[in-house]
Amino acid sequence: MKRTHRCAEVTAADVGHDITVMGWVQKRRDLGALLFIALRDRSGILQVVVNSETHAELHEKAVQVRSEFVVAVRGKLANRDASAVNANMETGTVELVAEEFRILSKSETPPFHIEDNSSANDVLRLKHRFLDLRRPDMQRNLMLRHRLAKCARDHFHDAGFLEIETPMLTKSTPEGARDYLVPSRVQPGKFFALPQSPQLFKQLLMVGGFDRYMQITKCFRDEDLRADRQPEFTQIDLEMAFVDVDDVIGVNETFLRKAFKDVMGVDVPTPFKRLPYDQAMSRYGSDKPDTRFGLELCDCSDLAVSSGFQVFSGAVDAGGSVRAINAKGCGPKYSRKEIDALGDVAKTYKAKGLAWIVIDEAGFKSSFAKFLTEDVLAGFKARLGAEPGDLLLFVADKDDVVFDALGHLRLAIAAKTGLIRPGTWDLLWVTEFPLLERDGEEDRWVAKHHPFTSPMDEDLAYLESDPGKVRAKAYDIVLNGVEIGGGSIRIHDQELQQKMFRTIGFTEEQAQARFGFLLDAFRYGTPPHGGLAYGLDRLSMLMLGKDSIRDVIAFPKVQTAACLMTGAPDVVDDKQLDELHIRLSDVPLEAE
RNA sequence: GGCCCGGUAGCUCAGUUGGUUAGAGCGCUAGCCUGUCACGCUAGAGGUCGAGGGUUCGAGCCCCUUCCGGGUCGCCA
């Protein structure tokens, strides 16, 4: 027997014709002399009818099937009687009248039912991921991911990009995330690292003369997992020579517009909004702001200084700030307990507390009422445009704490009060990131993006005198408050690169030891270049409205970075370790 | 490493103040059934209450430890 159709790909034109389908038994409905089988493949479900009166032998075989048996059925596609039409089914007007039937493979009773919105828990599903993948929503997810990846290849191919692979076994580089290491058998005591991204290689491809490169590739970072972070994930990575910021942004806006059109059928207008980093922080308290709603931050530091409220004035005196958001109309919506819960949110992000004022017709209620004179209150109300019914929330601290706390508060309030309209696709560039940031632990400047990111031309003068002031030619693309990609224009000038290394405390020897191959390359004619990388998993996740990238990865890992299906990671034979010149220490021995 | 949530039948869950033999729905098995599509009807099987320890006359329930999973902070250039 040879398959002629997928189950749900039969059309009205096929009615009356002989067809053969193969798939899994979704459901068996046995009416005695009449048997219905809902047959499923990746396209959907088709009902098969087996009649014992007309096909006794066939029926005898078919009644043996159970859920998830794999069968092949040949027969005539027929229209159902009007009374038997199932309007909830894509193929509900037709059915396959079996004339030949083969059980290709039996199945044990599956540990959970194969269906959308499975209520089975994650452990069970991930242990049996091969079954979980049969569920229609997992099939849809991975099909969308495929379309997105294909769209990227098509678009960048059409725009003159070449897909070139870069090594998986490479050199560990300092800074950034923790590397996954691979021991060398041939060179005792030495290790490869799996790439955190193809960053250096794609820059070398630019030096190598491939002026437009793209790749869809795995990246590895040995850090703790989150709903949107897996130890291995996939980037759509690209790099272009002879470009500046606007060129990179342009080709990517075209890509995203095409991706949303082709994959989602959604029109996203270009150009996208652009928001400089300092505005993103001061208005939204985040470098990946969700701008689908307001609740913007408002600086009240000047009012706070003269408020007579020590917590407020002290924060400003210490170089911090007092900022607030006005949760319009939330006064009556939030109980005291719920406001306290907002305080807990603020404390999660290191705020020492959350000060609040509820404005009502009669006056106000506040957590710091005794410090609120008429004048001070009037000042805050005017600054925040407050009206009766509003809930004003204040955080006083160092700027980074204030931004972090209020930034997350506005998300919490938006989520709780339903400010976010589903089905909106809010694309936004965040630009002009700081080039450097202070490393608290080591008390030095470190690259915020990476050490090859170019400073903005107008800030070059400050690189040595006031490094914190220098902005970078770096940009992130943000979708609905989630960073889906980021990149920068790179340094292509050797002198500037040296200066950059000096600023982040690298001696020439250290830089040479770590990035020598790149610096060598840059001595031989480097085109100006820059690029960007997307998180394919995250973009797929958002397009599907999911809140975990596990839903768009065929075989994901759990929070302990383990694969429940294969049991990886696992112990290996001593022989393998010997070959790799590795001796274990400090490993708690399990009972053998 | 910290904090929070969860773990009872194959699955999803209920389980009163600590009290007899731990229940339900779905699924599964067998029988019956010619238009089902959440098929129906009848009968049946199915339990290390995650694991270990403690308190108690008595623990699914209380306490301690631990394992597993999820969320989150730190971490993630």
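Order of the sequence lines fixes the chain letters, A, B, ..., with proteins taken first and strands second; residue numbering starts at 1 for each chain. Side chains included, hydrogens not; waters and symmetry mates left out as well; all remaining heavy atoms used.
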Nucleotide N/O to protein N/O under 3.5 Å, stretch nucleotides 22-25 of chain B:
none

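- A straight line from CG of A/Asp122 to C1' of B/rG69 spans 7 Å, rounded to a whole angstrom.
- With A/Leu435 as the fixed residue, the side chain to side chain contact (heavy atoms under 4.5 Å, CB included) test singles out one of A/Asp459, A/Leu463, A/Ile504: A/Leu463.
- Applying the ring pair (Phe, Tyr, Trp, His ring centres under 6.0 Å) criterion to A/His59, with sequence neighbours excluded, gives no partner residue.
- Within the structure, the salt bridge (charged side-chain N to carboxylate O under 4.0 Å, His left out) test picks out the following pairs touching residues 36-60 of chain A (sequence neighbours left out): A/Arg40-A/Glu68.
- Nucleic acid contact for A/Val446: none, since no nucleic acid atom lies under 4.0 Å from a heavy atom of the residue.
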Pairs under 3.5 angstrom only: tabulate donor-acceptor contacts from the side chains of residues 191-198 of chain A to other protein residues two or more places apart or in another chain.
| unit_1 | atom_1 | unit_2 | atom_2 | d |
| --- | --- | --- | --- | --- |
| A/Gln196 | OE1 | A/Ala177 | N | 3.1 |
| A/Gln196 | NE2 | A/Ala177 | O | 2.6 |
| A/Gln196 | NE2 | A/Asp179 | OD1 | 2.6 |
| A/Ser197 | OG | A/Gln199 | N | 3.2 |

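- On a pure distance criterion of 3.5 Å, a polar donor-acceptor pair joins the side chain of A/Arg229 and the base of B/rC76.
- The side chain of A/Ala33 lies closest to B/rU34 when the candidates are B/rU34, B/rC37, B/rC76.
- When Watson-Crick and G-U wobble pairs are counted only if both distances are under 3.5 Å, B/rC39 pairs with no nucleotide at all.
- Look at B/rA24: its Watson-Crick or wobble partner, with both distances under 3.5 angstrom, is B/rU12.
- For A/Lys546 and B/rG71, the NZ to C1' distance is 18 Å, given to the nearest whole Å.
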Distance-only check: which donor-acceptor pairs under 3.5 Å involve side-chain atoms of residues 484-493 of chain A, not counting sequence neighbours?
| unit_1 | atom_1 | unit_2 | atom_2 | d |
| --- | --- | --- | --- | --- |
| A/Ser488 | OG | A/Thr453 | OG1 | 3.4 |
| A/Ser488 | OG | A/Arg490 | NH1 | 2.7 |
| A/Arg490 | NE | A/Glu239 | OE1 | 3.4 |
| A/Arg490 | NE | A/Glu239 | OE2 | 2.8 |
| A/Arg490 | NE | A/Ser488 | O | 3.4 |
| A/Arg490 | NH1 | A/His450 | NE2 | 3.3 |
| A/Arg490 | NH1 | A/Ser488 | O | 3.4 |
| A/Arg490 | NH2 | A/Glu239 | OE1 | 2.7 |
| A/Asp493 | OD2 | A/Glu495 | N | 3.1 |
| A/Asp493 | OD2 | A/Leu496 | N | 2.7 |

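- Using a 4.0 Å heavy-atom cutoff across all strands shown, A/Ser52 reaches no nucleic acid atom at all.
- Remark: A/Lys171 fails to qualify as a cation-pi partner of A/Phe517 under the 6.0 Å distance and 45° angle criteria applied to the six-membered ring.
- Each of B/rG69, B/rC76, B/rG71 was ranked by its minimum atom distance to the side chain of A/Arg550; first place goes to B/rG71.
- In this structure, CD of A/Glu108 is placed 15 Å from C1' of B/rG27, rounded to the nearest angstrom.
- A/Ala177 comes within contact range of the sugar-phosphate backbone alone, with a heavy-atom separation under 4.0 Å but no base atom that close.
- Within 4.0 Å (heavy atoms only), A/Leu126 reaches no atom of the nucleic acid at all.
- Residues passing the ring pair (Phe, Tyr, Trp, His ring centres under 6.0 Å) test with A/Tyr534, sequence neighbours excluded: A/Phe255.
- Residue A/Leu35 contributes atom CG, which lies 14 Å from atom P of B/rC37 at whole-angstrom precision.
- Each of A/Leu34 and A/His450 lies near RNA chain B, and the nucleotide nearest A/Leu34 is the one positioned closer to the 5' end.
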Would you tabulate the pairs of protein nitrogen or oxygen atoms and nucleotide nitrogen or oxygen atoms of nucleotides 38-45 of chain B closer than 3.5 angstrom?
| unit_1 | atom_1 | unit_2 | atom_2 | d |
| --- | --- | --- | --- | --- |
| B/rC39 | OP1 | A/Lys27 | NZ | 2.8 |
| B/rC39 | OP2 | A/Arg29 | NH1 | 3.4 |
| B/rC39 | N4 | A/Asp30 | O | 2.4 |

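- Relative to the side chain of A/Ser67, the nucleotides B/rC28, B/rU34, B/rG69 differ in distance, and B/rC28 lies closest.
- Rounding to whole angstrom units, CG of residue A/Leu39 and C1' of B/rC37 are separated by 14 Å.
- In this view, A/Asp237 and A/Lys202, A/Tyr213 satisfy the side-chain hydrogen bond (donor to acceptor under 3.5 Å, both in side chains) rule, not counting sequence neighbours.
- Partners of A/Phe433 by ring pair (Phe, Tyr, Trp, His ring centres under 6.0 Å), not counting sequence neighbours, listed by chain and number: A/Tyr277.
- The nearest whole Å value for the distance from the CD atom in A/Glu232 to the P atom in B/rC76 is 20 Å.
- Nucleotides B/rC39 and B/rG27 are separated by 7 Å at their P atoms, to the nearest Å.
- Set against B/rU34, B/rG70, B/rU72, the side chain of A/Val558 has B/rG70 as its closest nucleotide.
- With sequence neighbours left out, the salt bridge (charged side-chain N to carboxylate O under 4.0 Å, His left out) criterion links A/Asp466 to no other residue.
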Produce the list of close N/O pairs, under 3.5 Å, pairing protein atoms with atoms of nucleotides 2-11 of chain B; give distances to one decimal.
| unit_1 | atom_1 | unit_2 | atom_2 | d |
| --- | --- | --- | --- | --- |
| B/rG10 | O2' | A/Pro111 | O | 3.1 |

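- Across the interface with RNA chain B, nearest-nucleotide mapping of A/Tyr349 and A/Glu437 shows A/Tyr349 to be the residue nearer the 5′ end.
- For A/Thr348, whose side chain is taken as the heavy atoms from C-beta onward, the closest listed nucleotide among B/rC73, B/rU29, B/rU34 is B/rC73.
- Residue contacts shown for A/Arg226 include a base, since a base heavy atom lies under 4.0 Å away.
- Taking a pair to require two hydrogen-bonding distances under 3.5 Å in either a Watson-Crick or a G-U wobble arrangement, B/rC75 remains unpaired.
- For the pair A/Leu200 CG and B/rA77 P, the computed distance is 14 Å after rounding to whole Å.
- Residues satisfying the salt bridge (charged side-chain N to carboxylate O under 4.0 Å, His left out) criterion with A/Asp340, sequence neighbours excluded, are A/Arg336.
- For A/Asp287 and B/rC76, the CG to P distance is 14 Å, given to the nearest whole Å.
- Residue contacts for A/Arg125: at a heavy-atom cut-off of 4.0 Å it reaches no nucleic acid atom on any strand shown.
- Side-chain N/O atoms of A/Thr11 and A/Asp14 include a donor and acceptor closer than 3.5 Å.
- Applying the Watson-Crick and G-U wobble criteria (two distances, each under 3.5 Å), B/rU55 pairs with nothing in any strand.
- The shortest distance between side-chain heavy atoms of A/Arg80 and A/Asn86 falls below 4.5 Å.
- The gap from the P atom of B/rC67 to that of B/rG52 amounts to 15 Å, rounded to the nearest Å.
- With hydrogens and angles left out, the side-chain atoms of A/Gln203 and A/His529 include a donor and acceptor closer than 3.5 Å.
- For B/rG69, the paired base is B/rC5 (Watson-Crick or G-U wobble, both distances below 3.5 Å).
- Side chain of A/Arg80, nearest nucleotide from B/rC28, B/rU36, B/rG71: B/rU36.
- Here the side chain of A/Gln559 is nearest to one of B/rG35, B/rA77, B/rG70, namely B/rG70.
- If you check B/rG1, B/rG35, B/rG27 against the side chain of A/Asp224, the one that comes closest is B/rG1.
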